[in-house]
Amino acid sequence: MTDIRRSTRHPSRLMTAVLTTAAALLATALAQPGTAVPRAADGGAPVGAKTLSKGWHTPWGISFLPNGRTALVTERLSYQVYRLDRNGTRKWVGEVPYTVPEPYDEGAGGLLGVAPSPTWDGKKDKQVFFVHTTKSETRVVRMDYDGASLRNYKPILTGIRRGGDHNGGRIAFGPDKYLYVTTGEALQPKLAQDKSSLNGKILRITKSGKAAPGNPFGNRVYSYGHRNPQGLAWDAKGRLWSVEIGQQTHDELNLIKRGANYGWPSCEGVCSVKGMTGPKATFSPEKGVPAQLAVVRNVLYVSSLRGQRLWRVPIDGGSERLGTKTAFYPGTYGRLRAIAKVPGANELWVGTSDLGYGNDKILRVPIR
């Protein structure tokens with residue numbers, strides 16, 4: 001999501017010398033100076049990033065099909081959808097119609113998240129879900145993908161207000177097989193505290209767009225009080241984590257619980273207001289503006305836009321505590337957004353963002 005904070009971007013810190021025993025690892029990992037490199041026993045760490053695929057234009061979402069061999073990738077500004085194989089082969093499969101992006105240097109509309117059905121096989125189940133903006137709203141839609149092309153566009157959830165910014169847009173199926181959707185408050189902060197509004201929320205819905213059974217307020221809302229939530233990922237214990245872009249002071253990494261109020265607009269960052277839930281970790285804007293996240297070996301990996309780095313944030317065992325944040329690749333690849341764990345492998349796919357038409361790439365990042 002575009003960072004609407006217009007303060008000057010700070011240059012990345014210069015890398016310094018590190019322990020000789022870790023030199024080979026750090027040459028590729030590019031961790032921040034003075035930070036010990038995590039061992040594999042501690043969940044591992046990135047050991048180098050290599051280009052998997054070139055020629056992209058603002059990739060926004062990466063989501064693997066259930067077969068684990070192929071991912072679908074959305075491009076925000078072109079509203080095109082591609083299949084990307086694990087060998088780096090890319091094939092165009094279609095576009096999501098009625099998508100209206102904002103001008104390139106304003107706002108953050110367009111084609112956003114993608115989520116294949118958990119039982120997709122291209123035959124009996126062809127369903128793939130998307131979030132995109134139109135001229136008047138943000139909506140969740142369903143299309144059929146048979147392994148070759150997209151067709152049969154059908155909106156399943158409409159009426160989400162869109163703004164020039166703060167459109168959320170991440171979508172993912174949880175372990176419970178229901179669909180989770182992040183929505184921003186569309187530059188109208190009061191909507192985040194309105195439990196009857198779809199904005200400033202994490203929604204939990206069925207494949208038909210209805211409220212999922214067991215939601216806390218009897219509607220589609222799962223959690224509220226969000227400004228602009230982005231990433232969604234579940235850890236090994238099935239807990240939901242999300243990153244959220246703050247306003248001026250703090251970006252947030254939140255552990256999402258059913259029915260919880262995450263404080264916006266009363267709180268940004270640490271929250272002491274009764275009845276509101278604070279983040280488990282925060283990022284300063286110049287090193288943050290978190291976009292999305294993924295989990296590998298009980299470690300959260302957060303891509304950042306303005307911060308232009310990949311954050312490693314370990315979960316402390318089975319607790320709700322988080323360990324020390326470590327930054328990788330600061331300033332090396334520019335703005336980072338789309339991220340996904342490769343099924344069956346300790347590896348991430350990470351997409352660069354906003355480098356210009358055809359200049360973005362998808363990186364392969366092993367975790368060892």
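What you see below is based on every heavy atom in this structure, not just the backbone, and it leaves out hydrogens, waters and symmetry mates. Only a predicted model underlies this, so the values are computations on that prediction, with no experimental measurement involved. Residues take their numbers from the sequence shown, with the count starting at 1.
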Whether the [X] and [Y] side chains hold a donor-acceptor pair (N or O, under 3.5 Å, no angle test) is what I'd like checked.
X: Thr277; Y: Lys257; answer: no
X: Gln230; Y: Gln292; answer: no
X: Asp85; Y: Thr70; answer: yes
X: Glu268; Y: His250; answer: no
X: His226; Y: Glu244; answer: yes
X: Ser242; Y: Asn254; answer: no

[atom1]/[X] to [atom2]/[Y] distance, rounded to the nearest 0.5 angstrom?
X: Ile367; Y: Lys341; atom1: CD1; atom2: NZ; answer: 10.0 Å
X: Asp144; Y: Lys154; atom1: CG; atom2: NZ; answer: 10.0 Å
X: Gln127; Y: Asp121; atom1: CD; atom2: CG; answer: 11.0 Å

Apart from Leu191 itself, members of its ILVMFWY cluster (side-chain separation under 4.5 Å) are none
Do you know which two heavy atoms are closest between [X] and [Y], and how far apart they sit?
X: Arg162; Y: Val100; value: NH1-O, 3.2 Å
X: Thr282; Y: Pro279; value: CG2-CG, 3.7 Å
X: Ser272; Y: Cys267; value: N-SG, 4.5 Å
X: Gly288; Y: Ser304; value: O-CB, 3.3 Å
X: Glu185; Y: Leu187; value: OE1-N, 2.7 Å

Do [X] and [Y] come close enough that some side-chain heavy atom pair is under 4.5 Å?
X: Leu363; Y: Lys361; result: yes
X: Trp234; Y: Val295; result: no
X: Ile160; Y: Val131; result: no
X: Asn261; Y: Met276; result: yes
X: Leu293; Y: Val313; result: no
X: Lys207; Y: Phe129; result: yes
X: Leu322; Y: Leu300; result: yes

Donor-acceptor contact present, side-chain [X] to main-chain [Y], <3.5 Å:
X: Glu75; Y: His57; value: yes
X: Asn298; Y: Gly317; value: yes
X: Thr133; Y: Gly110; value: yes

Quick check: is [Y] connected to [X] through a chain of hydrophobic side chains (ILVMFWY, heavy atoms under 4.5 Å apart)?
X: Val243; Y: Tyr262; value: no
X: Val270; Y: Trp264; value: no
X: Ile205; Y: Val221; value: yes
X: Ile362; Y: Tyr82; value: yes
X: Leu198; Y: Ile156; value: yes

All ring-ring contact (aromatic ring centres under 6.0 Å, His included) counterparts of [X], not counting sequence neighbours:
X: Tyr178; result: none
X: Tyr153; result: Tyr98, His132
X: Tyr79; result: none
X: Trp349; result: Phe64

Taking the six-membered ring where the residue is Trp, are the ring centres of Trp120 and Phe173 under 6.0 Å apart?
no
In short, side-chain hydrogen bond (donor to acceptor under 3.5 Å, both in side chains) pairs touching residues 47-56 with sequence neighbours left out are Ser53-Trp56
Identified side-chain contact (heavy atoms from CB on, under 4.5 Å) counterpart of Ser117 within the set Val128, Leu179, Asp125:
Asp125
Trp311 pairs by ring pair (Phe, Tyr, Trp, His ring centres under 6.0 Å) with which of Tyr329, Phe283, Tyr301?
Phe283
Cation over ring face, Arg76 and Trp60, 6.0 Å, 45°
no
When you look at CZ of Arg142, are more than 12 heavy atoms from neighbouring residues, nucleotides or ligands closer to it than 6.0 Å?
yes
